[in-house]
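Small disclaimer: the values here were computed from a predicted structure and weren't measured. Naming convention: chains lettered A, B, ... in sequence-line order (proteins, then strands); numbering from 1 in each chain.
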Protein chains: 2
Amino acid sequence: MVTIQDVAKAAGVSAMTVSHVINDHPHVKRETRERVLRAIADLDYRVNVAARNLRTGRTGTIGLAVAEIDRPYYGQLAAAIIAAAARHDLKVAIEQTGASREGELDALALSRNRLYDGLILSTVGLGPADTDLLKVDYPMVILGERIFDGPVDHVAMPNVEGARAATAHLIERGCRRIALVEGRLGDEVDVSSLRFDGYREALEEAGIPLDPRLLIHIEAFTMEEGAAAARRLSDSGAEVDGVFCVTDTVAIGVLRGFADRGVRVPQDVKVIGFDNIAEGAYTVPSLSSIDPDHSLMASTAVRFLVGRVAEKGKKRPVAREFISRFTVVARESTGG
Amino acid sequence: MVTIQDVAKAAGVSAMTVSHVINDHPHVKRETRERVLRAIADLDYRVNVAARNLRTGRTGTIGLAVAEIDRPYYGQLAAAIIAAAARHDLKVAIEQTGASREGELDALALSRNRLYDGLILSTVGLGPADTDLLKVDYPMVILGERIFDGPVDHVAMPNVEGARAATAHLIERGCRRIALVEGRLGDEVDVSSLRFDGYREALEEAGIPLDPRLLIHIEAFTMEEGAAAARRLSDSGAEVDGVFCVTDTVAIGVLRGFADRGVRVPQDVKVIGFDNIAEGAYTVPSLSSIDPDHSLMASTAVRFLVGRVAEKGKKRPVAREFISRFTVVARESTGG
DNA sequence: TTGTACGCGTTATCAC
DNA sequence: GTGATAACGCGTACAA
């Protein structure tokens with residue numbers, strides 16, 4: 001294995017100078033630099049990242065913990081984060097938490113083990129009760145809800161506002177009997193409960209009473225659960241002319257479930273989701289949604305994290321918070 | 001920062017003994033072990049992975065280079081690989097190549113920089129002409145085609161056989177004018193050309209002449225290109241009663257494109273894809289496909305790679321090769 | 001502008 | 001069963 005010493009010897013300089021050349025330090029005569037570069041090329045020298053990491057205390061890798069990378073929402077988020085991290089010369093290692101509390105705690109532990117310079121954690125299972133666990137001594141950014149008070153940076157979606165806009169959009173299109181497909185796991189504040197709040201507010205504003213029979217509970221935000229929910233809703237005989245789904249993935253399942261029952265979208269029922277995943281533009285009918293600008297969220301999360309990494313060791317200042325903006329994307333599922 | 005020395009001091013032993021305890025070596029008296037463990041807990045000691053990496057020459061992380069993690073196929077593959085790697089205590093860092101030759105070369109370079117213990121490379125842009133570039137001196141497994149002769153392990157899909165089965169499935173369902181939506185980028189052997197071979201073979205076996213007007217070329221394997229292809233096909237007025245799409249993602253776009261033109265699937269045209277991505281079960285109509293058993297491919301790729309990592313430094317034996325099996329998944333898009 | 005000396009935290013070797 | 005010592009390869013004071 002060719003080391004920096006070998007290069008130094010070949011170039012007739014000290015390892016120090018080689019290091020300067022590698023790290024683009026000034027104060028190296030051009031001639032010397034060129035000689036070193038030639039030696040590097042000749043010997044096919046590569047820096048040993050492990051040694052550099054040990055010395056600098058950085059790994060050049062950040063962790064990204066998401067529920068499951070094979071769900072479109074997380075895949076698209078991960079792609080955006082990887083791209084944003086690359087602009088800071090950072091690599092991204094992906095952890096899958098399986099949407100469980102334990103999985104998220106595992107991810108926290110990994111960074112504590114100094115595998116990563118920092119962690120971007122997409123929370124699903126952790127709730128306000130776990131605030132203490134988030135008081136970690138390494139850079140972290142929570143990608144999710146504004147439900148934590150601790151000194152932790154947040155990048156969140158406009159859940160309440162977006163859900164209100166989605167519901168209002170259905171109302172504008174003439175819906176009056178609007179179901180909500182949601183999945184609150186307990187009494188805690190989570191994505192589902194925040195989006196429920198927006199749904200409730202929009203109904204109130206329009207003077208439409210909230211009918212508990214139109215709240216369809218699902219156990220996971222999957223297409224499968226969405227399809228089952230739509231079938232249940234249809235089979236129940238409940239009058240429904242609109243459905244707001246807690247995520248697009250669920251909405252795609254809902255579209256499928258309605259198709260199974262011969263319910264026409266948007267003629268019989270209008271459907272809207274949340275996230276604006278890429279697939280929504282290609283379903284039949286295409287899916288209306290709320291677009292929370294994932295790439296803005298991703299770049300902000302990375303920016304926050306990079307900032308924390310840079311100021312590592314300093315006293316922890318107040319937590320930063322960023323709520324993304326959103327737009328309503330009207331497609332065929334709500335009448336175009 | 002608390003080091004192994006601190007623990008050693010606190011436990012009244014040497015650092016070596018602490019190391020033995022950490023790494024589960026035998027030959028440590030139980031009493032000593034317990035004292036050490038208590039010290040570790042008391043001090044909240046964490047091993048410094050960077051130092052361990054430097055010493056052992058391993059990073060505990062493998063690279064996975066895919067075109068774009070936000071495409072369902074790669075997302076689902078990545079999830080399977082992360083799960084398989086976890087069973088070997090390995091982390092996975094994801095590189096996005098953007099489906100380009102340069103991106104794939106960059107990924108090769110990163111591993112050469114010893115960032116990873118090994119690399120699983122999903123090739124799209126590299127062709128047989130690049131065989132030399134794949135003669136790298138670190139563990140690597142190619143996830144893709146059997147198009148490389150070099151001493152590199154392969155895990156491939158049954159492209160020709162699967163495509164033949166897909167086409168034969170359409171023929172069985174009564175199709176005679178079968179279009180192929182494909183995207184060969186040049187004269188090289190790639191996914192598209194292999195699946196074309198299978199398509200051609202199936203037509204031959206059924207005595208159906210190949211009509212070049214039914215070969216629809218696309219520039220990328222995306223939903224967008226698929227939708228455009230279906231619209232072109234429909235607008236061309238060509239008689240078509242079946243379409244085999246080179247991937248499911250493209251097929252989902254094709255379904256959408258046909259919907260745009262009022263072409264009914266499967267009544268007017270039957271459609272089948274390749275990959276059996278999860279979304280295919282929830283499209284309307286649901287998508288028939290070829291399932292190449294991704295999880296088997298993923299676990300095999302990781303197994304190959306782990307084997308190479310273990311035998312690192314030894315002479316390079318012959319390349320291993322694994323061709324996955326497949327099943328035909330018949331859904332609504334071909335008549336159920 | 002370049003070189004020397006040393007430390008980063010861990011583990012392998014080998015002795016006891 | 002336990003410990004002393006020497007690497008692993010790089011970066012950084014500090015000296016020259």
Measure from [atom1] on [X] to [atom2] on [N] and round the result to the nearest Å.
{"X": "B:Ile4", "N": "D:dT2", "atom1": "CD1", "atom2": "C1'", "answer": "14 Å"}
{"X": "A:Glu31", "N": "C:dT1", "atom1": "CD", "atom2": "P", "answer": "13 Å"}
{"X": "A:Ile22", "N": "D:dG11", "atom1": "CD1", "atom2": "P", "answer": "6 Å"}
{"X": "B:His25", "N": "D:dG3", "atom1": "NE2", "atom2": "C1'", "answer": "15 Å"}
{"X": "A:Lys29", "N": "C:dG3", "atom1": "NZ", "atom2": "P", "answer": "11 Å"}
{"X": "A:Asp6", "N": "D:dC8", "atom1": "CG", "atom2": "P", "answer": "11 Å"}
{"X": "A:Gln5", "N": "D:dC10", "atom1": "CD", "atom2": "C1'", "answer": "9 Å"}
{"X": "A:Arg52", "N": "C:dT10", "atom1": "CZ", "atom2": "P", "answer": "21 Å"}

Q: Indicate yes or no for a side-chain donor-acceptor contact from A:Ser299 to the backbone of A:Ser295 under 3.5 Å, with no hydrogens or angles considered.
A: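 Yes, A:Ser299 side chain to A:Ser295 backbone: donor-acceptor pair under 3.5 Å.
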Q. At under 4.0 Å between heavy atoms, what does A:Leu54 touch on the DNA or RNA strands: base, sugar-phosphate, or nothing?
A.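 Base contact - A:Leu54 has a heavy atom under 4.0 Å of at least one base atom.
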Q: Answer yes if the side chains of A:Asp117 and A:Thr59 hold a donor-acceptor pair under 3.5 Å, and no otherwise.
A: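 Yes.
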Q. Are a donor atom and an acceptor atom from the side chains of B:Glu95 and B:Tyr116 found within less than 3.5 Å of each other?
A.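 Their side chains do contain a donor-acceptor pair, which is all the 3.5 Å distance test asks for.
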At under 4.0 Å, does any side-chain N or O of [X] touch on OP1 or OP2 of [N]?
{"X": "B:Thr3", "N": "C:dG9", "value": "no"}
{"X": "A:Ser19", "N": "D:dC10", "value": "no"}
{"X": "B:Asn53", "N": "D:dC8", "value": "no"}
{"X": "B:Thr32", "N": "D:dT2", "value": "yes"}

Please determine, for the side chain of [X], which listed nucleotide ([options]) has the closest atom?
{"X": "B:Ala51", "options": "C:dT10, D:dT2, D:dG9", "answer": "C:dT10"}
{"X": "A:His20", "options": "D:dA13, C:dT2, D:dC10", "answer": "C:dT2"}
{"X": "B:Asn23", "options": "C:dT11, D:dT2, C:dT4", "answer": "C:dT11"}
{"X": "B:Met16", "options": "D:dC10, D:dG3, C:dT10", "answer": "D:dG3"}
{"X": "A:Thr56", "options": "C:dT10, D:dG11, D:dT2", "answer": "D:dG11"}

Q) Toward the 5' end of DNA chain D, which comes first, B:Arg30 or A:Arg46, by nearest nucleotide? A)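 Nearer the 5' end of the strand: B:Arg30.
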(Q) Side chains of A:Asp153 and A:Leu305, heavy atoms from C-beta outward: is any pair under 4.5 Å? (A)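 No. Closest side-chain heavy atoms not under 4.5 Å.
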Q. Which word best sums up how the rings of B:His20 and B:His25 line up, parallel for under 30°, tilted for 30 to 60°, or perpendicular for over 60°?
A.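 Correct class here is tilted.
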Q.
At less than 3.5 Å, do the side-chain atoms of B:Arg55 and the base atoms of D:dA7 form a donor-acceptor pair?
A.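 Such a pair exists between side chain and base.
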